[in-house]
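Lettering of chains follows the sequences in order, A, B, ..., and the numbering in each one begins at 1. Worth knowing before you read on, the calculation uses all heavy atoms, side chains too, and leaves out hydrogens, waters and symmetry mates.
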Amino acid sequence: MPKLTMVQAINLALKEEMARDDRVLVMGEDVGVDGGVFRVTDGLHEEFGESRSIDTPLAESGILGTAIGMAMAGLRPVAEMQFSGFSYLMIGQWEGNATRMRSRTQGQHTCPLVVRMPYGGGVRALEHHSESREATYAHFPGGKVVIPSGPRNARALMLAAIRDPDPVVFMEPKHSYRSFREDVPETEEVLPLGQAHVEREGDDLTVVAWGAMMRPTIKAVDAVAKTGVSIELIDLLTISPLDSDTICRSVQKTGRCVIVQEAPRSFGVASEIIARINDEVLLYLEAPVKRLTGYDVVTPYFGREKSYIPPAARIENGLRETLDF
Amino acid sequence: MPKLTMVQAINLALKEEMARDDRVLVMGEDVGVDGGVFRVTDGLHEEFGESRSIDTPLAESGILGTAIGMAMAGLRPVAEMQFSGFSYLMIGQWEGNATRMRSRTQGQHTCPLVVRMPYGGGVRALEHHSESREATYAHFPGGKVVIPSGPRNARALMLAAIRDPDPVVFMEPKHSYRSFREDVPETEEVLPLGQAHVEREGDDLTVVAWGAMMRPTIKAVDAVAKTGVSIELIDLLTISPLDSDTICRSVQKTGRCVIVQEAPRSFGVASEIIARINDEVLLYLEAPVKRLTGYDVVTPYFGREKSYIPPAARIENGLRETLDF
Amino acid sequence: MPRKTLAEFKVEHLQVLDENGKLDKELEPDLADGDLLRLYRGMVRARELDQRMLKLQRQGRIGTFGPCTGQEAPSTAAALAMQDDDWFVGAFRELGGRLFRGEPLTNTLFYYNGWEEGNVLPKEVGRRMTPLAVVVGTQILHAAGIGYALKLKGEKAAAVTFCGDGATSEGDFHEGLNFAAVWQAPVVFISQNNQWAISIPREKQTRSETIAQKGIAYGVPCIQVDGNDALACYVAIKEALERAYRGEGPTLIEAVTYRLMMHTTADDPTKYRTKDQEDVWWQKEPLIRFQKYLSAKGLWDDAKEEALREELRAEVDTAVKEFEATAPWPLDRPFDHVFAETHPSIEKQHQEYLAALKEESDA
Amino acid sequence: MPRKTLAEFKVEHLQVLDENGKLDKELEPDLADGDLLRLYRGMVRARELDQRMLKLQRQGRIGTFGPCTGQEAPSTAAALAMQDDDWFVGAFRELGGRLFRGEPLTNTLFYYNGWEEGNVLPKEVGRRMTPLAVVVGTQILHAAGIGYALKLKGEKAAAVTFCGDGATSEGDFHEGLNFAAVWQAPVVFISQNNQWAISIPREKQTRSETIAQKGIAYGVPCIQVDGNDALACYVAIKEALERAYRGEGPTLIEAVTYRLMMHTTADDPTKYRTKDQEDVWWQKEPLIRFQKYLSAKGLWDDAKEEALREELRAEVDTAVKEFEATAPWPLDRPFDHVFAETHPSIEKQHQEYLAALKEESDA
Ligand SMILES: Cc1ncc(C[n+]2csc(CCOP(=O)(O)OP(=O)(O)O)c2C)c(N)n1
Ligand SMILES: Cc1ncc(C[n+]2csc(CCOP(=O)(O)OP(=O)(O)O)c2C)c(N)n1
Ligand SMILES: [Mg+2]
Ligand SMILES: [Mg+2]
């Protein structure tokens with residue numbers, strides 16, 4: 001099994017799927033000749049030509065809006081937003097059309113497309129290049145939101161997202177793009193959307209994280225586990241529709257839960273998870289669910305960004321506090 | 001005290017503030033000569049002229065983007081999105097500029113502006129005219145989200161919103177636009193932003209609602225109260241920043257809570273309220289917090305809309321269930 | 001080196017049949033009599049349904065709707081000019097074209113009664129026709145994307161899309177024309193300039209002398225046509241389609257027309273425009289002149305007109321009866337099409353909803 | 001009635017000083033020697049800072065940044081042409097103009113080191129200058145709104161805004177020009193067409209022959225200038241400003257230039273363009289020809305050049321030293337400017353954050 005970075009793994013998935021299915025194409029700003037500013041679409045231009053790796057004009061609504069047309073006409077576009085911070089310009093098309101075309105026409109027209117977008121902080125980038133706003137997309141019915149946490153699941157989820165008959169926002173934690181490698185099987189591996197993954201099993205505490213937060217969380221979990229505590233760690237993988245069953249089953253068992261979220265605290269994904277726990281297994285809780293999150297401030301420029309994203313030490317403290325409650 | 005509808009009360013606030021402060025102006029599609037499709041800006045054109053009641057071209061990003069420029073240059077624009085369902089087209093400007101200008105320039109440039117938008121269902125309108133998406137705006141730091149529930153607080157909150165030094169999304173429950181009247185004082189009344197209002201005091205159960213959900217909720221609360229239960233009813237008024245103190249103090253007292261939300265359930269405002277209760281007063285809870293909400297489906301067309309928005313009977317059932325838990 | 005001219009542009013206007021029914025023989029399209037009659041019939045059919053809907057709305061039998069009266073020509077002419085394999089990507093004032101393409105009359109009735117049923121078309125009709133686009137201008141981009149797909153697949157087909165004059169102010173109009181131009185995609189953009197966007201007159205919408213010239217910004221061939229002249233519309237659209245089929249990219253057509261009725265039934269035009277202006281445009285409306293044209297050709301007379309009107313009114317009657325006799329789908333239908341396959345968390349809400357409905361109806 | 005021409009348009013090109021320093025006397029602006037020298041100095045100052053930043057970035061002493069080398073003329077000429085009361089609404093390649101308007105060199109260093117400090121300007125400078133606009137094209141609308149405000153208040157002032165060639169594809173460009181045109185707002189739109197939007201060449205960005213002609217879509221006067229010719233830039237901008245002051249509305253100026261360096265330091269242009277193309281444009285860059293022009297006027301010589309360069313390098317040295325000696329604001333500063341007044345729920349998070357920081361540093 002080759003050891004790949006997440007960039008390489010997503011690139012592999014795109015290549016595989018474009019080879020397998022000639023309806024699939026990639027499109028966006030600089031995705032063609034340049035291979036994408038993060039090189040995620042590198043080589044696709046050479047292999048599949050410019051008509052299937054489209055360098056578009058600089059217009060996000062234009063990219064999604066035309067992708068919708070392509071999807072309705074039988075193609076399977078994978079559109080890139082260069083950074084999630086520019087994706088707000090296409091929310092009109094997302095909310096107004098991509099997520100509604102199926103219900104609007106009762107299945108007569110559909111939008112099988114993927115919108116890829118690097119998100120999140122930690123790469124010393126300019127303003128607007130570091131936000132984590134999965135909750136924004138998760139609140140719109142009719143669209144799915146997927147966030148991989150490592151190379152292997154990124155590849156398997158990307159294959160699933162492209163094959164999914166509905167529109168998927170695929171948010172790529174750019175902090176994890178090249179920071180580590182994983183074995184990625186040579187043979188095809190596809191993970192189902194809408195299902196969380198239990199990364200570590202345990203009995204004393206449930207920890208939920210996703211995307212770039214998985215790495216510091218694993219670090220914290222392992223540190224605390226060394227002290228003899230049994231921790232269950234859940235990687236969401238799909239944000240919406242949310243797999244509450246896996247979470248609630250775990251909390252029912254452990255009675256304690258910590259959620260680690262990069263985004264600002266309020267109205268984020270962690271809140272929804274707490275609400276699901278409240279709905280289903282409140283009476284099993286032995287401590288308040290803890291949210292370790294970003295803060296309700298405008299994302300700081302990179303000079304002051306680091307400590308705004310929960311670092312491993314803070315997560316570790318949070319785990320201990322919840323265990324000691 | 002004159003009895004006014006919410007449309008008249010907001011119109012009054014705009015008129016008062018435009019008369020008091022010549023930096024204030026209204027702008028948007030059809031807000032001028034026509035007086036707005038709901039007549040909220042009626043008469044402003046005659047009284048203040050077309051340069052302060054601006055009929056803009058049909059472009060939502062254009063409306064907010066130019067309003068931002070006006071605000072930076074010393075005006076106090078009140079921009080209308082004709083329906084909240086079209087406001088997604090301006091989220092790029094909202095997230096990228098309105099909510100960030102203060103922090104970006106550390107207060108050197110600011111965006112004192114209001115974006116008014118009718119939202120919500122119940123008026124038999126076309127597709128895209130019935131959504132309730134306050135959570136989308138609430139998750140962006142740096143902007144406030146305000147929702148009045150009746151004529152009197154609509155007027156007092158509008159005055160506060162216009163005078164606020166920061167950008168405010170002012171969501172108007174169009175179902176309540178003309179469905180009832182209230183006494184609105186002749187003298188100026190201004191309500192502080194960021195504070196919830198305790199509409200009824202009580203000891204047995206806390207109920208939280210906002211906007212158009214207040215009316216059916218009051219009905220349900222009154223029906224249940226007749227059976228000798230003491231219910232505290234909180235009207236949020238400001239969605240973000242959220243006044244958790246008022247909510248948590250109440251739940252600490254009552255031990256039970258029901259939240260009524262028009263929007264789809266997941267990743268909505270109710271989830272954040274539950275999370276705040278979890279953070280602060282979990283141990284006082286005697287029952288799971290109940291969410292009575294819309295569903296995670298694409299908002300149905302008006303022929304099937306009614307029962308998707310929590311009706312009074314459903315709320316009443318929910319209150320009883322939570323009391324009986 | 002003085003200031004030197006880099007590029008020059010002009011915008012043309014096309015009229016074939018003037019408001020008095022006077023024909024420019026040289027420009028007359030070569031249409032078979034049968035096609036001319038179908039075109040006329042298509043326009044009258046839309047008018048009849050439109051006017052009936054106004055009555056139904058006033059009687060509270062359907063919800064708010066946006067009439068198309070006076071704007072029958074551009075979309076009906078387009079539908080005549082198009083092949084089955086071309087995509088029809090409308091906004092919301094193309095009743096003529098939609099019906100001509102085969103949309104049943106009942107769909108419009110369902111739709112404006114707030115039922116998703118109205119968007120479900122017979123397979124052959126719906127295959128290459130998109131549903132009404134309520135968010136102004138967004139469909140323009142879909143057409144550009146569809147055009148790209150047609151080109152990629154090597155189909156000799158085009159996408160024809162419509163928008164209003166107001167819609168040209170939206171960013172999506174700009175992005176749609178630009179993408180289609182860069183891609184040289186087979187797309188015909190038709191802006192029905194009906195002079196108004198609700199209460200906003202054309203002069204407040206944009207300062208350009210014409211809507212057509214907006215094509216210059218994208219290097220897209222453009223023309224203004226008399227949008228109440230079905231022949232001019234046909235000629236320009238046919239030409240644009242041929243260009244598209246030949247791989248020569250998009251065209252922008254401005255069809256100058258007028259919204260003779262209110263914006264929607266919720267609107268009161270007396271707030272913002274004069275009866276005089278309306279009267280002037282009633283003189284220019286598209287049906288009368290076409291009728292004169294057909295009569296001059298010996299294809300039409302009063303008896304035929306009466307027979308046609310009667311037939312179409314009967315058809316509308318039948319559709320209204322069918323509509324009113326139709327039981328709506330069950331209330332929980334919206335749960336069926338959130339995704340292709342439901343998800344446990346949504347199915348759970350579904351069951352909860354059904355239980356709540358039952359409880360409420362039992363109470 | 002044949003197809004009749006409704007409207008005709010042309011787009012002009014203006015060059016005053018060609019790439020060899022040859023001057024068109026007739027078009028030469030009437031600028032005092034002092035102004036010419038200030039203009040040159042302003043461009044060289046930007047070049048010196050830009051090149052130093054490239055070095056700092058490679059040494060890891062600042063973060064990613066987007067160089068402006070080769071594009072000094074349009075914004076510096078604009079700054080010279082503008083009054084203090086005009087608003088400067090830039091994108092991110094107007095280093096020349098920003099410095100000319102009085103922005104301290106250190107601001108750019110702070111900014112690209114990831115500190116909000118970089119956006120806080122001396123009061124008089126910041127008063128009518130907006131911060132860098134990262135989301136492409138959004139600032140264009142702000143300029144239109146500022147223009148409206150100036151007009152409403154009756155000020156004899158204008159907003160001058162910049163964007164790239166890529167930015168013209170965004171919906172906000174379209175909406176900004178349209179709003180300003182409808183309002184006849186005093187705005188000068190300058191598109192620095194540097195041929196590239198990261199890796200996307202101008203031909204893939206739009207099919208129009210010029211960027212300038214996009215003004216036709218809005219009824220906005222437009223012109224293309226040699227954007228490496230500071231005199232042509234000055235002439236066109238001055239003319240546009242005068243028009244704006246006279247209440248005659250906006251102008252669109254396309255300044256044809258070239259991005260001589262990478263898009264940002266994170267970009268590798270060898271992936272998508274040739275060294276040859278870059279070389280051709282190095283021959284046309286703006287400083288050399290202006291130096292020739294000044295020399296021909298007897299205002300410049302090698303000694304002066306050397307002295308200027310030395311002086312400016314020393315200034316940059318000092319700024320870098322000051323930057324590196326500056327302690328950043330405290331880590332919790334972002335809590336101070338969420339709103340004018342904080343809110344209990346945010347203050348609570350603030351305290352929690354401070355406690356976490358303390359705990360982490362104690363550990
Ligand atoms: C994005 C968006 N903004 C606002 C509206 C509300 N609205 C519906 S139709 C309309 C006017 C449309 O004018 P035009 O494009 O000229 O089309 P017409 O109605 O004249 O056919 C407006 C403002 C909308 N549906 N979508
Ligand atoms: C809305 C948006 N989309 C994408 C980006 C990423 N991006 C930054 S600069 C740039 C290219 C800009 O090209 P152009 O407008 O020509 O300006 P130039 O960089 O050439 O000065 C892109 C795509 C962005 N900052 N904002
Ligand atoms: Mg119109
Ligand atoms: Mg460029």
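Counting heavy atoms of neighbouring residues, nucleotides and ligands inside a 6.0 Å radius, atom NZ of Lys348(D) does not exceed 12 of them. Other residues, nucleotides and ligands contribute over 12 non-hydrogen atoms within 6.0 Å of the CZ atom of Phe9(D). More than 12 heavy-atom neighbours from other residues, nucleotides or ligands sit within 6.0 angstrom of CD on Glu46(B). Other residues, nucleotides and ligands contribute only 12 or fewer heavy atoms inside 6.0 Å of the CD atom of Glu50(B).
Interface check for chain D: of the options Met27(B), Met70(B), Gln106(B), Arg104(B), the most heavy-atom pairs under 4.5 Å are formed by Gln106(B). Among Ala73(B), Gly62(B), Gly194(B), the residue making the largest number of heavy-atom pairs under 4.5 Å with chain D is Gly62(B). Between chain B and the residues Gly176(D), Ala144(D), Ser345(D), the most heavy-atom pairs under 4.5 angstrom are made by Ser345(D). Highest contact tally toward chain D, considering only Pro167(B), Pro77(B), Ser51(B), Pro57(B), is held by Pro57(B) [criterion: heavy-atom pairs under 4.5 Å]. If you tally non-hydrogen atom pairs under 4.5 Å between each of Met101(B), Met72(B), Gln93(B) and chain D, the highest count goes to Gln93(B). When Lys153(D), His142(D), Glu175(D) are compared by the number of non-hydrogen pairs under 4.5 Å with chain B, His142(D) comes out ahead. Between chain D and the residues Ile63(B), Thr99(B), Ile54(B), Asp243(B), the most heavy-atom pairs under 4.5 angstrom are made by Ile54(B).
Using a 4.5 Å cut-off between heavy atoms, Glu280(B) contacts chain D through its side chain alone, with no backbone atom that close. When heavy atoms are compared at a cutoff of 4.5 Å, Phe339(D) approaches chain B by way of both its backbone and its side chain. Contact of Arg100(B) with chain D is not made at all, since no heavy-atom distance falls under 4.5 Å. Interface residue Val182(D): only side-chain heavy atoms are found under 4.5 Å from chain B. Neither the backbone nor the side chain of Lys151(D) comes within less than 4.5 Å of any heavy atom in chain B. Looking at Leu64(B), there are no atoms closer than 4.5 Å to chain D (heavy atoms on both sides), in backbone or side chain. Contacts between Leu121(D) and chain B at a heavy-atom distance below 4.5 Å involve backbone atoms as well as side-chain atoms. When heavy atoms are compared at a cutoff of 4.5 Å, Trp329(D) approaches chain B solely by way of its side chain, counted from C-beta outward. Contacts of Ala67(B) with chain D are absent, with no heavy-atom separation under 4.5 Å from either backbone or side chain. With a 4.5 angstrom heavy-atom cutoff, Asp245(B) touches chain D only via side-chain atoms.
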| message | Show, in sequence, the C-alpha distance, side-chain angles and deciding distance for Leu152(D) and Leu25(B), and conclude whether the side chain to side chain contact (heavy atoms under 4.5 Å, CB included) test is met. | response | CA-CA 11 Å; Leu152(D) 182 68; Leu25(B) 57 79; 4.0 Å; yes

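For the atom pair OG1 of Thr130(D) and CG of Asn97(B), the computed distance is 9.5 Å after rounding to the nearest 0.5 Å. For the atom pair CG (Leu242(B)) and CD1 (Ile346(D)), the distance works out to 11.0 Å, reported to the nearest 0.5 Å.
Counting heavy atoms from C-beta outward, Ser61(B) and Leu141(D) have side chains that approach closer than 4.5 Å. At least one side-chain heavy atom of Thr56(B) sits under 4.5 Å from a side-chain heavy atom of Phe179(D). Considering only heavy atoms from C-beta on, Ser103(B) stays 4.5 Å or farther from Val338(D) through its side chain. Looking only at side-chain heavy atoms (C-beta outward), His343(D) and Gln195(B) stay at 4.5 Å or farther from each other.
A donor-acceptor pair under 3.5 Å is absent between the side-chain atoms of His109(B) and the main chain of Pro131(D), judged by distance alone.
Contact detail for Thr105(B) and Val120(D): the closest heavy-atom pair is O-CG2, 3.9 Å.
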